[in-house]
Amino acid sequence: MADTEEGNQTSITEFILLGFGNLPELQTLLFLLFLVIYIVTIVGNILILALVVSVQNLHTPMYFFLGNLSCLEICYTSVILPRLLSSFLTGNKTISVTACFVQFYFFGCLATTECFLLSAMSYDRYLAICKPLYYTTHMNDRFCLQLAIGSWVSGSLAIATLTVLLSQLTFCDSNGIDHFFCDFTPIVKLACSDTHLVEATAFISSSIFTLPPFTLTLASYIHIIAAILRIPSTTGRQKAFSTCSSHLSAVTIYYGSIIIVYMFPDTNRLRSLNKVFSVFYTILTPLVNPLIYSLRNNAVKEALWKALSKLVPVTRI
């Protein structure tokens, strides 16, 4: 810890990510568990991305956004898990102040981008199910590209100002972050300078950059479900629902865990529980997304089977 000097923006040079340090007997098991999760996540999302790029039948708006989502999940999990795995392996839980803010920026950037991508995917399903006659003209290549670029740019801009303001805070006493990555609330709690501006900025940023895509996603699925329920035949309802069930599952897992972590009051009783739910949207969501989209999507399963058949020829008797 550095000595406090007048005019310095920070009085410490590093933070300590406490993570799961309260479970010393499980450190080896957690390392192996998260290592397997990381490998499966990277391989699964790369496989989905490769299929979307290489298989002609998957060159549609829905799979274009799925490819973007897989690319995002690779980056998302790589922002957090390698650092966590390193701490398990070496026992070194320290992270420099600068590295902490960099991790926070990319985490926030990718999390916000995911909100926009999920909303774009829900809008795509809304048009396909509720406005099928307008789908081809509305969801053209140019519009899909604009939605994807807008999602990535919005995510990059959303967290930039907040990160700069966060880096201006002064940290004097404790440097232990009670989390396994550099998240906003645990960092702000360590500040010994006034945090009203940064907290107000966080509220405004979340209202502007996360509430609208969430509202659009929610509204899209309200219309989708209403439209599906109006289909007279059971077979028709099942077919329509199958086209969006994978995405609905991913949205539910992602937003459900985020709401629990950030909307529930921060009490000592809920703090450990929040850490568990943080694992859901930062680590498990990137893992289950390729599984959800591959196991519950016939087009992806068929493309995967054909790709595997080419790599490993099957001899029929």
Can you measure from [atom1] ([X]) to [atom2] ([Y]) and round to the nearest 0.5 angstrom?
{"X": "Leu147", "Y": "Ser119", "atom1": "CG", "atom2": "OG", "result": "8.0 Å"}
{"X": "Ser174", "Y": "Ile12", "atom1": "OG", "atom2": "CD1", "result": "8.0 Å"}
{"X": "Cys182", "Y": "Ile80", "atom1": "SG", "atom2": "CD1", "result": "9.5 Å"}
{"X": "Ile225", "Y": "Ser220", "atom1": "CD1", "atom2": "OG", "result": "11.0 Å"}
{"X": "Cys75", "Y": "Leu110", "atom1": "SG", "atom2": "CG", "result": "6.0 Å"}
{"X": "Thr41", "Y": "Leu81", "atom1": "OG1", "atom2": "CG", "result": "7.0 Å"}

Check: For Phe64 and Ala148, which heavy atoms make the closest approach, and how far apart are they?
Finding: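 Nearest pair, atom of Phe64 first, then Ala148: CE2-CB, 3.7 Å.
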
Check: Where is the tightest heavy-atom contact between Pro186 and Leu190, given as atom of each residue plus distance?
Finding: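 Minimum heavy-atom contact is O-CG, 3.5 Å.
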
Margin query: Less than 4.5 Å apart, side chain to side chain, heavy atoms only: is that true for Ser70 and Leu47?
Written below: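 No, their side chains stay 4.5 Å or more apart.
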
Item checked: Side chain to side chain, Tyr63 and Leu51, heavy atoms closer than 4.5 Å ->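 Counting from C-beta outward, Tyr63 and Leu51 never come under 4.5 Å.
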
Hey, can you tell me if [X] and [Y] have their rings parallel, tilted or perpendicular (30° and 60° cut-offs)?
{"X": "Phe34", "Y": "Phe88", "answer": "parallel"}
{"X": "Phe20", "Y": "Phe180", "answer": "parallel"}
{"X": "Tyr76", "Y": "Phe107", "answer": "parallel"}
{"X": "Phe181", "Y": "His179", "answer": "tilted"}

Notebook entry, point to check: Can any side-chain N or O of Tyr254 pair as donor or acceptor with the backbone N or O of Ala111 at less than 3.5 Å?
Noted result: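 Yes; at least one donor-acceptor contact below 3.5 Å.
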
Next item on the list: Ignoring hydrogens and angles, tell me if any N or O in the side chain of Tyr221 forms a donor-acceptor pair with the backbone of Tyr126 under 3.5 Å.
Entry: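 Checking the backbone N and O of Tyr126 against the side chain of Tyr221, no donor-acceptor pair under 3.5 Å is found.
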
Check: Would the number of heavy atoms belonging to other residues, nucleotides or ligands and lying under 6.0 Å from CZ of Phe280 be above 12?
Finding: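 Counting other residues, nucleotides and ligands, CZ of Phe280 stays at 12 neighbours or fewer.
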
Notebook entry, point to check: Would you say Asp141 has more than 12 foreign heavy atoms packed within less than 6.0 Å of its CG?
Noted result: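 12 or below, so no.
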
Check: Which pairs, with at least one residue in residues 79-103 and sequence neighbours excluded, count as a side chain to side chain donor-acceptor pair (under 3.5 Å)?
Finding: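 For residues 79-103, and leaving out neighbouring residues, the side chain to side chain donor-acceptor pair (under 3.5 Å) pairs sorted by first residue read Asn92-Thr94.
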
Notebook entry, point to check: When you look at Thr77 and Thr285, which way does the side chain to side chain contact (heavy atoms under 4.5 Å, CB included) test go after all the steps?
Noted result: CA-CA 9 Å; Thr77 194; Thr285 298; over 6 Å; no

Notebook entry, point to check: Is Leu216 reachable from Leu66 through a run of hydrophobic residues whose side-chain heavy atoms are each under 4.5 Å from the next?
Noted result: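 Leu66 and Leu216: separate clusters.
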
Check: How would you list, by chain and number, every residue that makes a side chain to side chain contact (heavy atoms under 4.5 Å, CB included) with Tyr135, sequence neighbours excluded?
Finding: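 Counting only residues at least two positions away or on another chain, Tyr135 forms a side chain to side chain contact (heavy atoms under 4.5 Å, CB included) with Pro61, Asp124, Arg125, Leu127, Ala128, Met139.
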
Next item on the list: Please determine, by modelled atom types, if Asn289 and Glu73 share a side-chain donor-acceptor pair under 3.5 angstrom.
Entry: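 Their side chains do contain a donor-acceptor pair, which is all the 3.5 Å distance test asks for.
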
